[in-house]
Structures are given as C-alpha cells and as structure tokens.
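As the structure lists them, so they are numbered: ligands from 1, and atoms in each ligand from 1. The structure displayed is predicted, hence computed values, not measured ones. Values below: every heavy atom of this structure, side chains too, minus hydrogens, waters and symmetry copies.
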Amino acid sequence: MEDLFGHSYPSTSKNLYADIILPVPIPRAFTYSVSPEIQDEIGIGYRVMVQFGKKRILTGIVAKVHQKAPEAYKAKPVLDLLDDYPIVNALQIKFWGWIAGYYCCHIGEVMNAALPSGLKLSTESKVQIHPDFDLENPNFPMDDRELAILEVLEKNQEMNVDQLEPLVVAKDLHKIIKSLLAKKAILVYESVKEKYSPKTETRVRFSPEYLLESNKLNGLFEKIKGKEKQENVLLKYLQQVPVFNNQELNEKGLSKKVLTDAGCSPSSIETLVKNKVFESFKVKISRFDPIKIDERPIELSQDQMEAYESIQHEFGNKSTVLLHGITGSGKTEIYIRLINDVLDSGSQVLLLLPEIALTTHLVSRLQKVFGDKMGIFHSRYSDNERVDVWQGVLSGKYNFIIGVRSSLFLPFDSLGLVIVDEEHEPSYKQFDPAPRFHARDAAIMLAWLHQAKTVLGTATPAFESFYNAQNGKYGYVKMDKRYGGAELPHFHLADILKDKKKNLLKLDFTRLMREKIQEALNNQEQVLIFQNRRGYAPYISCEECGWIPECEHCDVSLTYHQYQNELRCHYCGFKEKVPNKCQACGSEKITTVGSGTERIEENLSLLFPEARILRMDLDTTRSKYGYQKILEEFGSGNVDILVGTQMITKGLDFDMVSLVGIVDADRILFYPDFRSGERAFQQITQVAGRAGRRNKTGNVIVQTRRPDQLIFKEIIEGKYTEFYRQEMGDRRQFFYPPFVKNIKIVVKHKDFKITETAASQLKNLLSDIDGRKIILGPEKALIGKIKNLFHFEIWIKLERSSQAQEHFKHEMSHKISALQGDKRFRSVRFLVDVDPS
Ligand code: ADP
Ligand code: ZN
Ligand code: ZN
C-alpha cells in the first residue's frame, strides 16, 4: 500500500482510510474508512462507491490512502471498490490538485474535466417493489398516483427513476417515491453501469477439431461438395488464412466482414458456424484507421540543425525553451527530431495544438513519420473514441499523443517532452466551465511533475512567454529565416478613408485590394480573405431614428444572417425573423450596417463573378468534419478565394496562396483590452504568414482607416522585440501582466440589484485581505447581461510571488464561501478566472 508521496504501509493494518475525490462542488477530498476485505486491493486512482450525505451514493476516485482518522467527523466506510487496477495514476492526481489550487476551483471539477465520460460511472437510481409488499392487500391506503406507479412496477422487475417520470408530474415524483418508501411498498437502490463500450468485430475460425486431424479438413470438402456458397467461404478463408502451412494462424481467425466483402454469403457463414465447422468469436479493435508510415527521411537545413542543437543545449539547464521561429521557418521538422529522441529513450511525448481540425497539414506530416504509434486527441471525438485513446496511452500503444488542451489529462506516466505549438493562441485558455486553465501554463506544470522538458513554439510569442525568456526563466531559440530561403510576404497598407473619399471603395474593398485579387486570379493563384466577424452584418438599423434590434436576453445587438434571413444573438443563440418595420418609429427603411464573412463572401462574388469562393467560419464548420471538407476543397485547388474568420489564421499551409487580404484591421486593433496590441500583432502576422510559402513571394493587403499607426510599421518590418518593449513600458506603468497576476471575478444573477450588491460586498471583503494588491470594480461587464443574467466584474492585480498569490487565493475562497452562505446571495454565481485572457 502506497500513498501519493510514496510512503508505504503494512497491508495488515486495521484502521485504514482513503481520501476520495468526489464529483461535487466541495473544495476538498473526503475521508472514508477502508474495510479489511479491500485493504489489500485499494490504492490511489481506483474508483470507489461511497455514501455522500444522507441519501446520495457517489462514485469517486481514491486520492490517498492513510491511517489518520478524520478529526471533525466519523468516517463512513467505502461501499465498494469498482476496479481491478487504478484508472488514474498518482501524477495525474497531483496535477489535478495543482490545477484546482492555482485556478481556484474544486478538485471534483477538475476530475470531471479530466475523465472522459465513458470512464465516469453513472449512478442511476433503480426502483422495485418491496418483496414483502402485497398490492392486493396493502398495510396502508394508497392514493391513485401511488397505485399507478405500483402497477407499472408490478409488471417490470426494476425500473430507473426517470422511466417513472411520464406517469406523474415530474416535481411530484420524488414525494411519491418517498411516501411509497415510508409505506415499505418499494425499494430504491443504486446500480452502477459502465458507459464505455469498446468497438468489436466478429471473426470466425475453424473449430479446433478440424485442425487436430488433418484429414478431417479434407473430408470436409467432400462433405459439402456441391454446396457452392459454403465452398466459397472455405476457399476464401483458406486464401487469407493458410492453415495448412501454419496452424497457429487459425488462432486470429478472419473478420466476418472481410469474408462478406469478398463476396461470401452471410447465411453460409452462419451455416458453417451452426454445423460447428467454424466457431465465431469477438475481438476488440481500434476505432481508428491504420496509417502508413512514409519512411522518406527529411534532412534538416543548416538553420534547423542549429536551432535543434541550441534547444538541446538550453535543456542542459532550463526545463522550458521558447522556440521563436517565424512562419515557414520549419519548426515541424525540429519537433520531429526532438520527439524521436525522446521516444527512443523510452519516454512519452505530448504535442499540444490549439485546434486539430485546423492543422491538417501538421497532423498529416506527423502521421507520415509516426504512423500508428501516434494517438490523436481531437476536441470533436466521441466519448468512445476518447476512451480508446485513453486506453491506448495506458496500454503503451501510444507513446506519442498530439491533441487539444484536454489531452493534458491523459494517463501519462513517464512524459519526457511536452511541445506546445502556437503557444500564443488565446484558445489555449479554457473559459467555461471550470477548471478555467491555460493549457500552456498547465503543460509546463505537467512536464515539471514528470521531470520532462517543454518546448513552446510560435512565430509570435505571448508576451508572458517572451518575458520569461528575457529574464532567463526559459531558454530561448530564434529562427528568423524561412525554410529554403522563401521570402516573407510583402505588406501593403490600403487606406479605407482615402478610397472612400475618392469613391474607390467598392463593397468594402479598396482599389488596391481589388487589383491584387484580380492579379492573383489571373495567375491562377489562391487568395485568403480575413474578416473577424461572422454573419452577414454585425447589426441592422433604422435609417430614420437609429433603432437597433437587441437580444432580449443579452446586452448586445443582434447579428443579421442573410442566408436564413434571421437576426441572431452570438452570446445566447436567440434568433428571430428580421422585422420589416422599425419597432420604434414604424419606418420601413431598415438597413444593414457593417460586414461579416457572409456579406464579404457575397461582395466578392459580385466583384469577381468568375471566381469560385468558399467561406470558413463557425457557421460553415459545425459538423464533425466541417473544417476538413472546406480545407480539402481549398487544398484541391477547386476554389479561388477562401473567406474566413480567425480560423484561417491557424496553421494552414497551401502552396498556391499568393495573396492574403485583411478587410478591416481596425476591428482587431481597437478592442478595449490591454492585450489588443499584442493580439493584433499576432493575428496579422499569423494570417500574413499564410501567403507565398514556397518559391513565390506573397502579398498581404491590410485595409485600415489609420495607416499611420506605428504597430503596422512594426508588423511589416517584423520588429517583434521593438513592439514588445513599447508595450511592456505601458504594462509596467499601469500594472498589467506579466508584471502582476490578474484574477477576474464575474458575479452573475438575474436581478440587477442583487448582482450589484453581492459584487460590492465581495469587493469589500477582498479589500480586507492583507498583502499588496489592487482591486478594480465592481463594474458592469462590457456586455452587462448575457442569457438574462446580469454580469458584474471585479479585477484583482496581485504581486507575482507565488506566496502572495497562494495567500490571496486561499482567503478569497473563504470570502466567497462566506458570501454564498448569505441567504440573499444563495443563487448568485461567483465565477473566478485566474490569468483571464
Ligand atoms: P512553421 O511551422 O515553422 O511555420 P513548417 O514546419 O510548416 O514551418 O515548414 C514550412 C515549409 O517548409 C513546409 O512546407 C515544410 O514542408 C517545409 N520544410 C521545412 N523543413 C524542411 C526540410 N528540412 N526539408 C524539406 N522541407 C522542409
Ligand atoms: Zn425607426
Ligand atoms: Zn442573447
């Protein structure tokens, strides 16, 4: 018996306790006693069933086994041990604990996020008639509704509580069950069921007796002579499984599907099984198609070799290295080298990507190198697919995983390297629900727990990462040339206002942009057009009085979607038909204002009627393979122009793209957030990096109303460091990260006054916490109401020292619990976001 820290205990001990992580919003694990029967088996990472509160039975995970009885309460016993082996390891539980502590949430919430639901057990209450109960002759009078339920239960052995719901009004069901329980008419119990089911296939093989005596097999053909269909099955089987040469081959058999695909009749296979010639059996198979490895090794260029060696060198005394390589510098091949090194040494590797569907190029390159050894963890995988990857890591089938942020939770036990590609991507931060973790930062922590190394790769580092590289916390390796000497694209600024004055702005496009698009089309090159807003128009408005339709549930204007002729809220999903009259003044003069991707697509088709145009945004990629279809279509060369939101800024690598157009750069720049400059630099550089990647220099057109701004000059000249220095000056002066740590608390409730009061009381409580800090707010959030809940925000700026942070977070949790204990605020939600994006 070992606990989390490796202390061991004699297994004969009498008083053993287990701390259990339960899926409830409670900030700690609970201690239960372990009965002697399971003392030898129980350990960290096993699932158990325990009673929680008076009635509930929950499944949880053992975090620790020890001999210390809880002081405040008498420990209840662990009811049942569910596994023969632990489903999570001690490192994972440490990692969960770190996430819960750092991001101020409950470890049960982390567990919920970490386990694929196929591994979570669902406890469903079952109901049956009490064995001693006699419906004809009850001891107590029953009312109609009780009788109705009893009659149904009479006919069925057992039922789930939710199956009874149709019989009575749902809210009364609980009461009725309670009353029936009291009258000893029924029994209620929990049954546990595994949700995960592995994918299997049915196979057939010769029954053993046919192999033991060789003439029996020959006799068989005599016996079925003339039965062509059965003969066919036997011949096809022997073709694939030549048991005459090697009897052991029969063991694995042949999938029934292979036989039927080869033209065998299913009923003849069945007949052979029935006559005991064949036996049929099931085997577990992978849900993923096999992949061929392309052995062609790639030589690193001189620059890549130098970068690779520098990383190795930096690993000598730093555990994290920032690989700052411009777009097209060839970071992928360097990753491949590093990954191979670690796999050869027998350790595991995790490569994190912001979004797998968008990085098809990178994924297929890695698949060619690593084939089936590489597991992919997709955000759109079904639950069964997730469990398969999880089991693959456990069994050692996958030593290398590429995946989205949730792949941090897979059951690794010996990571040697974690790579975070596009580490600057804001989508690495999970916003809702808790844990609100940042996958890059959590990855560094995970690597640290495994004593592994981390590489952060990007062309445009997050300021936090660059700051850590500058002050020596991270190693730093720079690559500032494109692979093969390809040139960076040429930038052109196009002045929207100037063109407008001269009447040269047509359907959102300046003359320069139109000319360059035409040129690309003439040369049969592809074009990417970037607009960071989906839908047709950001809003519609009355020309007479200026009325703008807003969402009934949120403080935002409704976006016009032309295709469905609808107004939609992008925050809550509310939709309504477009009104034909102004609802304020009755005027029929309603116009659309501004342009989203849908309108840009339409405008392009008006300007370039001969061009084939495709759009990629949230609306066109909702299905599981939505992205893939669009990217394949574009990659096949059947499309001239791809219009899209920031989705198109990520790792696309298409040879034929020679032009990238940014319709409205000001929308990216003038966003009310201290990070807007950093984000604009990253986004514009990344989207520009999609242009002209191989032998031809690409062009980038940036449309703006303010071409004089310094940031454009710096993006164009690739002056990341200069830009960083200026912005850091401001951040230092006004106390922004990375000079402080931010915590944002959002207070939500359906009543405005209650929200405001709770928020200001929380602020007062937080101000009392000792230590240096700045607390801003409470203030109505930028969008003050979402889904009928009012939003107030409090921002806290803390010293960077981890001691100061821990102290504050600890006190803060207490203060929030205290407020939630107040009757008035019982239904107020306090949402804590550490390092908000
Ligand atoms: P990054 O991720 O740094 O933007 P990539 O890794 O996508 O760059 O590489 C850019 C292009 O150069 C890709 O098309 C890739 O196939 C090619 N490339 C990179 N390194 C090599 C190499 N050593 N040999 C051949 N082609 C390479
Ligand atoms: Zn009006
Ligand atoms: Zn809404």
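- In summary, Lys629 and Glu632 do not engage in a salt bridge, as defined by a charged side-chain N under 4.0 Å from a carboxylate O.
- Taking a cut-off of under 4.0 Å to the non-hydrogen atoms of Ile298, the atoms of ligand 1 that pass are 22 (C), 23 (N), 24 (N).
- Contacts of Glu576 classified as salt bridge (charged side-chain N to carboxylate O under 4.0 Å, His left out), with partners at least two apart in sequence or in another chain: none.
- In this structure, SG of Cys582 and SG of Cys545 enclose an angle of 110° at the Zn ion (ligand 2), rounded to 10°.
- Electrostatic pairing of Asp640 and Arg612 counts as a salt bridge here, judged by a charged N lying under 4.0 Å from a carboxylate O.
- Of all atoms in ligand 1, numbered sequentially from 1 with element shown, those under 4.0 Å from a heavy atom of Thr332 are 2 (O), 5 (P), 6 (O), 7 (O).
- Ion pair Lys429/Asp441 not flagged as a salt bridge, since none of the NZ, NE, NH1 or NH2 atoms sits closer than 4.0 Å to an Asp/Glu carboxylate oxygen.
- Using a cut-off of 4.0 Å between Lys/Arg side-chain N and Asp/Glu carboxylate O, Glu793 and Lys780 are scored as not salt-bridged.
- Checking Asn788 against Glu552 by side-chain atom types alone, no donor-acceptor pair falls below 3.5 Å.
- Residue Leu300 places no N or O, backbone or side chain, under 3.5 Å from any N or O of ligand 1.
- Side-chain atoms of His324 never come within 3.5 Å of backbone atoms of Thr460 as a donor-acceptor pair (strictly under, hydrogens ignored).
- At a 4.0 Å heavy-atom cut-off, ligand 1 touches Gln304 through the side chain alone.
- Distances between N or O atoms of Thr327 and those of ligand 1 include no value under 3.5 Å.
- We find that Lys589 and Glu544 are joined by a salt bridge, their nearest charged nitrogen and carboxylate oxygen being less than 4.0 Å apart.
- Of the possible donor and acceptor atoms, one in the side chain of Tyr720 sits under 3.5 Å from a partner among the backbone N and O of Pro461.
- Residue Glu299 approaches ligand 1 through these ligand atoms, each under 4.0 Å from one of its heavy atoms: 22 (C), 23 (N), 24 (N).
- Between Gly325 and ligand 1, no pair of N/O atoms sits closer than 3.5 Å.
- Ordered by chain and number, Cys551 SG, Cys554 SG, Cys569 SG, Cys572 SG make up the set of protein N, O or S atoms under 2.8 Å of the Zn ion (ligand 3).
- Taking 4.0 Å as the cut-off between side-chain N and carboxylate O, Arg568 and Asp619 count as a salt-bridged pair.
- When each atom of ligand 1 is checked for a heavy atom of Glu333 under 4.0 Å away, the hits are 20 (N), 21 (C).
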